[in-house]
Amino acid sequence: MTGRLSVSHVALALLGVAIVIAVWQGTIAWYGLARIVLPTPFEVASTLAHLFASRSFWHDVLVSLREFLLGYAIGGVLGVLVGTILGERPTARMTVGPVIEALRFIVPFAWIPLTVLWFGTSLTGKVVLVAYAVFFVMVVTTARSIVTVDPTLTRVGTMLGMGPAGIALKVHLRAAAPGIASGAKAAAALGWIAVVAAEYIGASAGLGVMITNASMSLATATVIAGMIVIGIIGATVSWLVGRTTAAWLNY
Amino acid sequence: MPELTAAYRQTAGSSRAAMGDGSAEGLVFERISHTYVAANGSTPVLDDVSFSVGPGQVACVVGPSGCGKSTLLSLAAGLMRPTSGVTRWRGKPVEPGTNPDLGMAFQQPGLFPWMTVRQNVAVGLTTRGAARSDARRQADEMLATVGLTGFGDAYPNQLSGGMAQRVGIARALALRPKLLLMDEPFASVDAFTRLKLQAEFKALLKLDRPTVLFVTHDVSEAILLGDIIVVMSARPAKVEKIIPIERGDRDRAGPGYARKMTEALRALGVETDLSHD
Ligand SMILES: Nc1ncnc2c1ncn2[C@@H]1O[C@H](COP(=O)(O)OP(=O)(O)OP(=O)(O)O)[C@@H](O)[C@H]1O
Ligand SMILES: [Mg+2]
């Protein structure tokens, strides 16, 4: 997939967008929908243009991105760390494994009311939530990737004279890197979703807040424009993570 | 230990008398039994195996598939502990962990997929303290020896099975080990390349005179390379026979070769007389 984008690829992608816009426009015409229910693609496009020119919009984007990046970094580092320990140590797996399995199914969104109670509408609450979401994805994928490393590689490491620490870091963690990278990509998507969801419920700034405010003042075009921005940022972040890791796992 | 084989008594006994510090003992298996225990049952693999390989000696191990030859190598390498018995290297019991004298070529090559071929061969040298540039040069030399000049920058997923196996061999040989364990190293190369590799290997052995345990399926290879052939029985494996090989036996056209061949195949339980039809 690293090759140049061919003309037909671009054409097909544009065709997909065109179909969505046509269905959208068609739905408005067919049901005779009011603008307040569903604005036209053109109105949403011009709202987007207005947003891009406004300062408060970029402030909201930065707030959301900052919450995301902080949470992603904290959750990612802790997740890989704990995942490595669980992958290396069967006793740790047996002790902590069940707790993690149970917590993993308390989805991040279930924690939102509690984080609002504990941290109010501050940055901390969102960062904690993103870190939580990212942490569990990374713990599970890291531990699983390490456990499934080809045992011959471990034997080779011992034969070559690497100690247990050397084998854990230079063989296991390195061999697990492709699995960890795909986990990092999934975690980025989940973390970004968590930011927006948390902002919908309790926040003072950010894209989620911008959208809920617009919704309350019946500015439907702004709501949809905000949703599009969220989608674009999410896709970009995921693409960047995939791209960075692919360049590094190029073998 | 009344059940020790004659060969064990000979080599171990005489060398102990000679040195006394154990360094002249080479590799000794003393009443080794091993059983793999898994959730779905246990598999007895080795049953009271004793023999020794004197320092600088080459022992070729032959035996039916699945009898425990790779298991024997893992025990010699200290990659695991036997269920009972002791393995000694230079007089000291082999403990799980790293043995600085060891070089091993595995049955599955086990190359690190994220490293180039050259890095795969060099990494053992740098781990053991060699300078990067020296390691690189030695790796390239060893790659040339196994016929892989020009593949130093390739990644393992770009190699054929036989090429990957040769990288594994180069990685083991580059360490210039005192104890060399090889698990069917030439199994997946063509007959012509194999002959060349066997000749190169023999020449390398002359340089350092390591103690070698060499697993093979090919009895003619065992006669060509070995000082002794250890024939193992089916699982759970015992030592069926130890066949000493003399210099003269390696002449494929000579009577010694045919005699050793027949002896080994008989010990393996193979019917060799195909002359009647
Ligand atoms: N880790 C393991 N756990 C359980 N059983 C094992 C394990 N490794 C090997 N075995 C079993 O032990 C027996 C001997 O295995 P081993 O690999 O030593 O045989 P081998 O003589 O090297 O065979 P081959 O000639 O086919 O390479 C086999 O029956 C195998 O199924
Ligand atoms: Mg084997």
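The structure presented is a predicted model; accordingly, all values stated were derived computationally and were not measured. Basis for what follows: all heavy atoms, side chains included, without hydrogens, waters or symmetry-related copies. Chain letters run A, B, ... following the sequence lines, proteins first, then strands; residues in each count from 1.
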Give a yes or no on whether [X] atom [atom1] has more than 12 heavy-atom contacts from other residues, nucleotides or ligands under 6.0 Å away.
{"X": "B/His217", "atom1": "NE2", "answer": "yes"}
{"X": "B/Arg176", "atom1": "CZ", "answer": "no"}
{"X": "B/Phe151", "atom1": "CZ", "answer": "no"}
{"X": "B/Gln119", "atom1": "CD", "answer": "yes"}

B/Met104, B/Arg128, B/Arg171 screened by side chain to side chain contact (heavy atoms under 4.5 Å, CB included) with A/Leu160, the one that passes: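 Checked B/Met104, B/Arg128, B/Arg171 against A/Leu160; only one passes side chain to side chain contact (heavy atoms under 4.5 Å, CB included): B/Arg171.
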Interface moiety of [X] toward chain A, non-hydrogen atoms closer than 4.5 Å:
{"X": "B/Leu181", "result": "neither"}
{"X": "B/Leu79", "result": "side chain"}
{"X": "B/Pro113", "result": "both"}

Within residues 90-114 of chain A, which positions have a heavy-atom distance to chain B below 4.5 Å?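 Heavy-atom contacts from residues 90-114 of chain A to chain B are absent.
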Looking at side-chain heavy atoms only, is the closest gap between B/Leu175 and A/Met159 below 4.5 Å?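 When only atoms from C-beta onward are counted, A/Met159 and B/Leu175 do touch, with a gap below 4.5 Å.
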Partner chain B: residue of A/Met162, A/Arg174, A/Lys170 with the largest heavy-atom pair count (under 4.5 Å):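 The option with the most such pairs is A/Arg174.
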How close do B/Trp114 and A/Val171 get, heavy atom to heavy atom, and via which atoms?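 Reported closest heavy-atom pair: CH2-O, 3.6 Å.
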Looking at every heavy atom in both B/Thr98 and A/Thr158, which two are closest together, and how far apart are they?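 Distance-wise, the nearest heavy atoms are OG1-O, 3.3 Å.
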